[in-house]
Number of protein chains: 2
Amino acid sequence: MELNNRKKKILRAIVEIYIATAEPVGSKAVAEQAGLDVSTATIRNEMADLTELGYLEQPHTSAGRVPSPMGYRLYVNELMGEHQLTIQETQRINDALNLRMEELDRVIDRAGKVLSQLSDYPVFTAAAPKKRITVKRFDLLMVEENAFIAVVMTDNSVVKNKLIRMPEQLSDTQLQLLSTVLNSSFVGLSLEEMEETLDKMETRSAPGAFQLISMVVQFAIEVLNQQSGQTIHTAGITHLLEHPEYRSLDKAKPLMNYLSETEEQGTSNLPVTLTEGQNMNILIGPENINEALKDTSVVMASYDIGDNMRGIIGVVGPTRMDYAKVTARLSYFADSLTRMFGKGELPSGEGHHEE
Amino acid sequence: MELNNRKKKILRAIVEIYIATAEPVGSKAVAEQAGLDVSTATIRNEMADLTELGYLEQPHTSAGRVPSPMGYRLYVNELMGEHQLTIQETQRINDALNLRMEELDRVIDRAGKVLSQLSDYPVFTAAAPKKRITVKRFDLLMVEENAFIAVVMTDNSVVKNKLIRMPEQLSDTQLQLLSTVLNSSFVGLSLEEMEETLDKMETRSAPGAFQLISMVVQFAIEVLNQQSGQTIHTAGITHLLEHPEYRSLDKAKPLMNYLSETEEQGTSNLPVTLTEGQNMNILIGPENINEALKDTSVVMASYDIGDNMRGIIGVVGPTRMDYAKVTARLSYFADSLTRMFGKGELPSGEGHHEE
DNA sequence: TTTTAGCACTCATTATCCCTGAGTGCTAAA
DNA sequence: TTTAGCACTCAGGGATAATGAGTGCTAAAA
């Protein structure tokens, strides 16, 4: 059954009042806000219908109404207005993302923090490679007579380096040769293939040469290993406590623990998988499969990071979430992230190693 | 006035019972635990004395006693026993710190997380350079005809890289020359000196050559800028809610906010400065100057990261903190960190850049 | 047929009162 | 100096009552 116009107006008013106040909404409040020239009694009748239809719920007989998950869903799909970001907010977002010299990880982390501050809800971020990573290129830089820096560039454009000490002195020519071997035999191989190739090489190479190759390849394997994992971060968990539904610790603790653990447990713990294409996704209350999220809503967006990686950023809050505000901010973020990673704007790399 | 032995035993018993139960301690409980063969009445008399002297406090007339900050201080200085770590715990710590392929930042961050898990309190970590950082060496790697990777190594052993696209094609020889210029004119300079030198160079170089130099030096300046800042992280803020003193949100919120903000605000917000030498430091309740920490205790240790940086790691909790347990874990961490950074065990570096 | 005014009813919330019991300080005897 | 005894204090918890916002229903009005 399609709702008539008046019912929609009333439902929208109830959702918005409830989002603002966190208190069950009575017929009087609706009459004041909805801009309908009817009495509270009429509204009560309509509210009774909406309850019957499953869009509203009643905490107890003598209380006002609260939107049901179905009510929120209708609101999100049809009734919700566009929310405008202020100039200050867009400025803030741009400032946060336009930092140069930051690594992928940090840009994403920072994005999560800022989004959390702007929305007053916790935010999680995740990134994972879309396909297996391989080494694209090796470079070796002589530092001293018996030490060089190995630079490994992967096909997801990550560059890592490590200082390698050699057991004996090595000439430029030898280093050149080593570089040739590495680039001809180990480029484009997956992690497992690299290990295999290294094994084969052991039997038919000079022990000295093999040791050198092995040190660099082991390092490359570590790099691939690290790159193949996903990164997950959360930000602003404490924002939860600002919302009345989590004023009791019994309610807040499980969700906070879930969010904290998410950082440890990897993407399996996330409410959705990293799907293709850029898109926005809203899960309301029981639409979440995960038990810990049964009474919470998640608004999230996924985006591409270059050609090889995929990222997701999501806002977690009570079902009484300010969907209009959150979706506006989130889509601005997702657009900005897509744009900046699309441009390949990740200019820098970093490393530590012993002297 | 020096306390007699019996008073010390009673004080110690009260502190330890209170740490375990979070309830004011009565004379009966002390009599059971302290191992003194005297009646509760005698203990009551001693407790009255200890209250008079300022070591104990009484929430109200008909309640038991609670240690005052002065009482905790005496306990920490004189009465506290050595706490032993279990084999599992040392194993856990070693596992967490012995990860290869991690950057400084991540090792420290991870250390904070694990310490927080082991102690059930929030943990903050910070690191800052002891002196100004300079570039130690430039390397340039040709990638394609019109793109090369600039590798900048600083004197605190950080290596960063960036892909630089050139307006026109460049030969190996020209790249060689560029490298020579950079290494002879910009190595060992501070941030400001580099900017100066670059300015001077502008007037007397060919525009094309200057543009190239400028791109690399600008990158180096960004690296120095980033390295000169301090890093601050916090972990396990939600652990606060597990302790009864923060069961009310009014108590928990300000401290949680303080800890969250610490990440943004830099070392100025920290309870202490990064002092020389490896040492442990305990601040109890009002000994903290910062208003937000007036009712909390901070146990922290600082340590050296190589020759050029200084780190600090600290545990934050209620004054009723398990000082013996926390100090044991913390000092094990500080020792481990000193040892690992002393050995220069930071083997890897990372980077992202466009293709 | 739809809307509205009126009214009795419901029930979470808050305030109030009382009771219980752990713990104290003091006194007087050991 | 230590201990037993005892009157006193006071936070915490449970029961009870008062409050008031909001409802559903009925009957009249539009």
Side-chain angles (χ1 to χ4, degrees), chain A residues 1 3-11 13-15 17-18 20-68 71 244-245 247-248 250-251, chain B residues 3-11 13-15 17-18 20-68 71 244-245 247-248 251:
Chain A
M1 160 186 173
L3 298 184
N4 66 36
N5 215 28
R6 191 167 71 185
K7 281 200 175 59
K8 282 185 183 170
K9 271 195 180 166
I10 289 174
L11 178 57
I14 290 175
V15 171
I17 294 170
Y18 186 62
T21 64
E23 305 267 308
V25 181
S27 49
K28 196 171 148 218
V30 175
E32 282 162 14
Q33 153 127 6
L36 296 165
D37 259 346
V38 290
S39 75
T40 59
T42 311
I43 291 177
R44 274 204 293 283
N45 287 332
E46 296 285 44
M47 284 163 74
D49 286 355
L50 285 167
T51 307
E52 182 95 5
L53 291 167
Y55 293 106
L56 296 178
E57 284 169 354
Q58 219 169 359
H60 55 268
T61 0
S62 70
R65 302 303 208 289
V66 162
S68 71
E245 25 275 283
R247 243 186 347 179
S248 138
D250 302 339
K251 312 283 180 188
Chain B
L3 299 184
N4 66 35
N5 215 28
R6 190 167 70 188
K7 282 200 174 61
K8 283 184 182 170
K9 271 194 181 168
I10 290 174
L11 178 57
I14 290 175
V15 171
I17 295 170
Y18 186 62
T21 64
E23 305 268 310
V25 181
S27 50
K28 196 170 149 218
V30 176
E32 282 163 11
Q33 151 127 8
L36 295 166
D37 260 346
V38 290
S39 75
T40 58
T42 312
I43 290 176
R44 274 205 293 284
N45 288 331
E46 296 284 45
M47 283 164 74
D49 287 355
L50 285 168
T51 307
E52 182 93 8
L53 291 166
Y55 294 104
L56 296 178
E57 284 168 355
Q58 217 169 0
H60 56 268
T61 1
S62 70
R65 301 303 208 289
V66 162
S68 69
E245 25 278 280
R247 243 184 347 178
S248 138
K251 312 282 181 191

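Chain identifiers are assigned alphabetically (A, B, ...) following the order of the sequence lines, protein sequences preceding nucleic acid strands; residue numbering begins at 1 within each chain. Values reported hereafter were calculated over all heavy atoms of this structure, with side chains retained and with hydrogens, waters and symmetry mates removed.
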Just so I know, are the side chains of [X] and [Y] near enough to count as touching, which here means a heavy-atom distance under 4.5 Å?
| X | Y | result |
| --- | --- | --- |
| A:Arg65 | A:Val30 | no |
| A:Leu50 | A:Leu3 | yes |
| B:Val25 | B:Gln33 | no |

Side-chain N,O (B:Ser39) to OP1/OP2 (D:dT2) below 4.0 Å: no
Hey, which of B:Leu11, B:Asn4, B:Leu36 is the one that makes side-chain contact (heavy atoms from CB on, under 4.5 Å) with B:Glu46? B:Asn4
Whole-Å gap separating [atom2] ([N]) and [atom1] ([X]):
| X | N | atom1 | atom2 | result |
| --- | --- | --- | --- | --- |
| A:Arg6 | C:dT2 | CZ | P | 10 Å |
| B:Glu32 | C:dA22 | CD | P | 12 Å |
| B:Leu36 | D:dT2 | CG | P | 11 Å |

Counting Watson-Crick and G-U wobble pairs only, both distances under 3.5 Å, name the nucleotide matched with C:dT24, or none. D:dA7
Give none if D:dT1 has no partner; otherwise give the nucleotide forming a Watson-Crick or G-U wobble pair with it, both distances under 3.5 Å. C:dA30
Output yes when a side-chain donor or acceptor of A:Ser68 lies under 3.5 Å from a complementary backbone atom of A:Tyr55, and no otherwise. yes
How would nucleotides 7-27 of chain D be written as a contact map, 5' to 3', with B for base contact, S for sugar-phosphate-only contact and - for no contact, using protein heavy atoms under 4.0 Å? --BBS----------SBB---
To the nearest 0.5 Å, what is the distance between CD1 on A:Ile43 and NZ on A:Lys9? 11.5 Å
